[in-house]
Amino acid sequence: MASNGNGNAGGVTPGKGSGGRNGLPKIQTQKRQGGSGVCHDDSSAPVNVQTIDELHSLQRKKSAPTTPLDGVQGVFANFTEEERHKQQLQSISASLASLTRETGPKLVRGDPARRPETPRVVHAPDHYFTPSFAASDSSLKFTHVLYNLSPAELYEQAIKYEKGSFITSSGALATLSGAKTGRAPKDKRVVRDDVTEDELWWGKGSPNIEMDENTFLVNRERAVDYLNSLEKVFVNDQFLNWDPENRIKVRIVSARAYHSLFMHNMCIRPSAEELENFGTPDFTIYNAGQFPCNRYTHYMTSSTSIDLNLGRREMVILGTQYAGEMKKGLFGVMHYLMPKRQILSLHSGCNMGKDGDVALFFGLSGTGKTTLSTDHNRYLIGDDEHCWSDKGVSNIEGGCYAKCIDLSREKEPDIWNAIKFGTVLENVVFDEHTREVDYLDKSVTENTRAAYPIEYIPNAKIPCVGPHPKNVILLACDAFGVLPPVSKLSLAQTMYHFISGYTALVAGTEEGVKEPRATFSACFGAAFIMLHPTKYAAMLATKMEKHGATGWLVNTGWSGGSYGSGSRMKLAYTRKIIDAIHSGELLTANYKKTEVFGLEIPTEVEGVPSEILDPVNTWSDKKAHKETLLKLGGLFKNNFEVFVNHKIGKDDKLTQEILAAGPNF
Ligand SMILES: Nc1ncnc2c1ncn2[C@@H]1O[C@H](COP(=O)(O)OP(=O)(O)OP(=O)(O)O)[C@@H](O)[C@H]1O
Ligand SMILES: O=C([O-])CC(=O)C(=O)O
Ligand SMILES: [Ca+2]
Ligand SMILES: [Mn+2]
């Protein structure tokens, strides 16, 4: 401070001269000049408050002012800030309304812990909302709404109130998702009504397990009553889809800061102005995951239920806290809404080169969409969910959801560095003192995950949109070790493999599991599609043909034998292969055709040992190789049986070509 240049003012200073009785200099405890006779520290001006609470109140500055009213366009343009807050609470109360009592809860903004006194209803100021209500215990209380909190606020909520929430050494929020550490596709239910009856894919092979409207309402009421019984709920109002013309407004009501921060990261975050004009959401999720469904309710086969009602534009979650259910639940909604607008929804990663060449990465869970689309030399458009419209590609989400098991700084530096303040780290194990995460540890689950905003990746392309794809890369993690590291596909082959949606991972960590298990999931995401797979396939074929995209099949799985004798393809080699696809090098390479699958494989790829390009070279036991190849071919054939009677697109010709593009033996 300018007025006090003396660095030692008022300090405890050994005095000079005048020795004391025992010869030591006398300790002078006073400021030399002045001499008021009072010892005080005036190194800084005193705070001008009376109590510690007042002091704390100085710490917090009011959030940045909302946008000036004269600049605001939209529904709430003519309202004051107070009126807008009231409108927001009214809209949230309507979301949370009980359908039988036909009333919404009484709402108040903010953390209940910060508001020691019960709000007085009579002179309710703007930040309370009291609807008219019928008498019931839940209508006598207030529900506090924590609306679009910031990551810092959500960290505090999680750490204070949610067991298992900790800050890791890199600043991420470690959380536990509870008993469920992965999605529960068998517990998904979709309301079958007059409309969805005809529109959706039902029956054998379909992920849409039916429920009726009434049962949905029973579960909805259960979730809403649970949420209303709480002292506080979190509400996120956010967007899906970076294509502004096809943006969807979503509201997520949840009971955990973990869920709110997860969705903050994974959906598109509205600006302050966009939030002011948010209005009514297009779709609402009620996440009551801590509370089970009632097993006596019709259609329920466990205490977990994830229920989608397209007519009401609502989703209810009971009995699972795994946050991926919300992300993938909304993806299902997009798989319904977008094709209606002639837009193809895709379970794929997407990135773009410096020259604007876009690549899509399809693949089932764990095959490399996030790992390979996060590429230091390319712009990341998104890692998991996209739309392909007449204008090009757009990411549906605002964040990434990376697998963390065995994560290393060397192999995946961009993902490693994204795990910092704001990132949700699910179910990882860490040192209790240093808080260093051990990414090798599978004690809680093998499916450890990091959810971070896409801008945590340094070369993210914001807004997350791009031109039409040039390359369509189908990823398979073939634990049988017989698919080539890379093959160039014809359009019919691309469609065959897209509809098949193959991968084979090792069954997990259990002792004695030696056999890989083949998984076929149509469109590389049968768990999320709402229409018959051939609908999406036909759209993909049309778009690829129109825009001249090339299809590729890349095996990110085993080489040199099946799981057990061979080993996983080196990530460095897979990256070289992907580089060669992007650069165009592989388009003009020399090719030969493989047996059984009839795949075109290059004889050379820069940076990759040529002998591994044909898997047969890497197997020491050639007989075992042939047997395994035929076995996998047979599994493909069996799987495709259900599709042989379906026409793909308007053209019978394409259907015949696709059927002929599978394994031949
Ligand atoms: N050759 C390889 N190519 C790609 N990934 C590899 C390879 N070898 C090992 N891996 C590992 O495999 C995993 C791929 O997982 P990734 O998160 O990319 O899956 P995903 O396709 O995005 O799945 P999800 O849809 O579940 O998010 C990563 O843990 C990565 O480190
Ligand atoms: O949804 C999840 O839990 C993870 C994921 O991305 C997938 O399985 O495709
Ligand atoms: Ca992923
Ligand atoms: Mn995914």
Side-chain angles (χ1 to χ4, degrees), residues 348-364 366-381 383 402-403 406-417 457-459 469-489 493-494 497 503 549-561 566-594 597 599-619:
S348 79
C350 180
N351 67 18
M352 188 177 87
K354 303 215 160 46
D355 302 328
D357 61 299
V358 165
L360 295 176
F361 299 79
F362 287 98
L364 290 173
T367 55
K369 293 184 298 298
T370 300
T371 298
L372 299 170
S373 57
T374 309
D375 180 332
H376 212 71
N377 301 312
R378 294 172 65 83
Y379 299 110
L380 178 64
I381 293 177
D383 79 322
K403 267 176 137 8
D406 300 335
L407 183 68
S408 79
R409 187 202 296 263
E410 294 67 37
K411 288 188 195 148
E412 301 185 64
D414 286 345
I415 294 174
W416 180 278
N417 291 327
I457 298 297
N459 47 359
K470 180 174 153 200
N471 289 300
V472 171
I473 302 169
L474 310 182
L475 304 170
C477 177
D478 174 30
F480 288 99
V482 292
L483 288 184
V486 58
S487 5
K488 187 169 78 175
L489 304 175
Q493 279 177 320
T494 308
H497 286 278
T503 200
T550 309
W552 307 87
L553 182 63
V554 170
N555 175 11
T556 62
W558 267 250
S559 175
S567 53
R568 184 128 188 215
M569 200 78 64
K570 282 197 169 64
L571 179 54
Y573 292 159
T574 302
R575 289 208 199 273
K576 287 284 178 201
I577 286 167
I578 301 290
D579 288 347
I581 292 173
H582 293 319
S583 74
E585 176 198 330
L586 271 192
L587 214 49
T588 53
N590 291 321
Y591 283 88
K592 64 176 192 183
K593 213 182 185 92
T594 68
F597 280 89
L599 295 165
E600 297 281 343
I601 58 172
T603 51
E604 267 176 47
V605 179
E606 203 190 303
V608 183
S610 295
E611 63 273 16
I612 75 162
L613 295 174
D614 189 348
V616 70
N617 299 332
T618 67
W619 285 61

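To the nearest 0.5 angstrom, Thr556 atom OG1 is 10.0 Å from Ile577 atom CD1. The structure places CH2 of Trp416 at 15.5 Å from OG1 of Thr374, a figure rounded to the nearest 0.5 Å. One distance of note links OG1 of Thr503 with CG of Leu475; it measures 8.5 Å at 0.5 Å rounding. Distance check: Ile601 CD1 to Leu613 CG gives 7.0 Å after rounding to the nearest 0.5 Å. Expressed to the nearest 0.5 Å, how far CD1 of Ile578 lies from CD1 of Ile581 amounts to 4.5 Å.
With sequence neighbours excluded, no residue forms a ring-ring contact (aromatic ring centres under 6.0 Å, His included) with Phe480. Every residue meeting the side chain to side chain contact (heavy atoms under 4.5 Å, CB included) condition with Thr550, not counting sequence neighbours, appears here in chain and number order: Asn471, Lys488, Trp552, Leu587. In this structure, Lys570 has no side chain to side chain donor-acceptor pair (under 3.5 Å) partners at least two apart in sequence or on a different chain. In this structure Asn459 satisfies the side chain to side chain contact (heavy atoms under 4.5 Å, CB included) test together with Tyr379, Asp414, Ile457, sequence neighbours excluded. With sequence neighbours left out, the side chain to side chain contact (heavy atoms under 4.5 Å, CB included) criterion links Asn351 to Ala359, Phe361, Ser373, Asp375, Arg378, His582. Remark: Glu600 pairs with Lys593 by the salt bridge (charged side-chain N to carboxylate O under 4.0 Å, His left out) rule, at least two apart or across chains. Partners of Lys576 according to the salt bridge (charged side-chain N to carboxylate O under 4.0 Å, His left out) rule, which considers only residues two or more places apart in sequence or in another chain, do not exist here. In this structure, the side chain to side chain contact (heavy atoms under 4.5 Å, CB included) partners of Lys411, at least two apart in sequence or on a different chain, are Ser408, Leu571.
Two residues are said to be in side-chain contact when any heavy atoms from C-beta on lie closer than 4.5 Å; Pro609 and Tyr573 meet this criterion. Contact annotation: the side chain of Pro413 never approaches that of His376 to less than 4.5 Å [non-hydrogen atoms, C-beta and beyond].
Considering every non-hydrogen atom in both Pro615 and Gly481, the closest pair reads CB-O, 3.9 Å. Taking every heavy atom of both residues into account, Leu483 and Asn555 meet most closely at O-ND2, 2.8 Å. The shortest heavy-atom contact between Cys350 and Val358 is SG-CG1, 3.7 Å. In this structure, Ser348 and Leu360 approach most closely via the heavy-atom pair OG-CD2, 3.8 Å. Pairing each heavy atom of Ala589 with each of Pro602, the nearest pair is CB-CB, 4.3 Å. Shortest non-hydrogen contact noted between Trp558 and Cys477 is CZ3-SG, 4.0 Å.
With Thr618 contributing its side chain and Ile612 its backbone, the two residues share no donor-acceptor pair below 3.5 Å. A side-chain donor-acceptor contact under 3.5 Å links Thr594 to the backbone of Leu599. In this structure, the side chain of Lys369 engages the main chain of Gly363 through a donor-acceptor pair within 3.5 Å. Distance alone, capped at 3.5 Å, places no donor-acceptor pair between the Trp619 side chain and the Val482 backbone. A donor-acceptor contact shorter than 3.5 Å is absent between the side chain of Arg575 and the backbone of Leu372.
Residues in residues 473-487 take part in no salt bridge (charged side-chain N to carboxylate O under 4.0 Å, His left out) pair, two or more places apart or across chains. Listed by first and then second residue, the side-chain hydrogen bond (donor to acceptor under 3.5 Å, both in side chains) pairs involving residues 602-613 amount to none (not counting sequence neighbours). Sorted by first then second residue, the salt bridge (charged side-chain N to carboxylate O under 4.0 Å, His left out) pairs that include residues 578-592, not counting sequence neighbours, are Lys592-Asp614.
With no hydrogens or angles considered, a side-chain donor-acceptor pair links Thr371 and Glu412 at under 3.5 Å.
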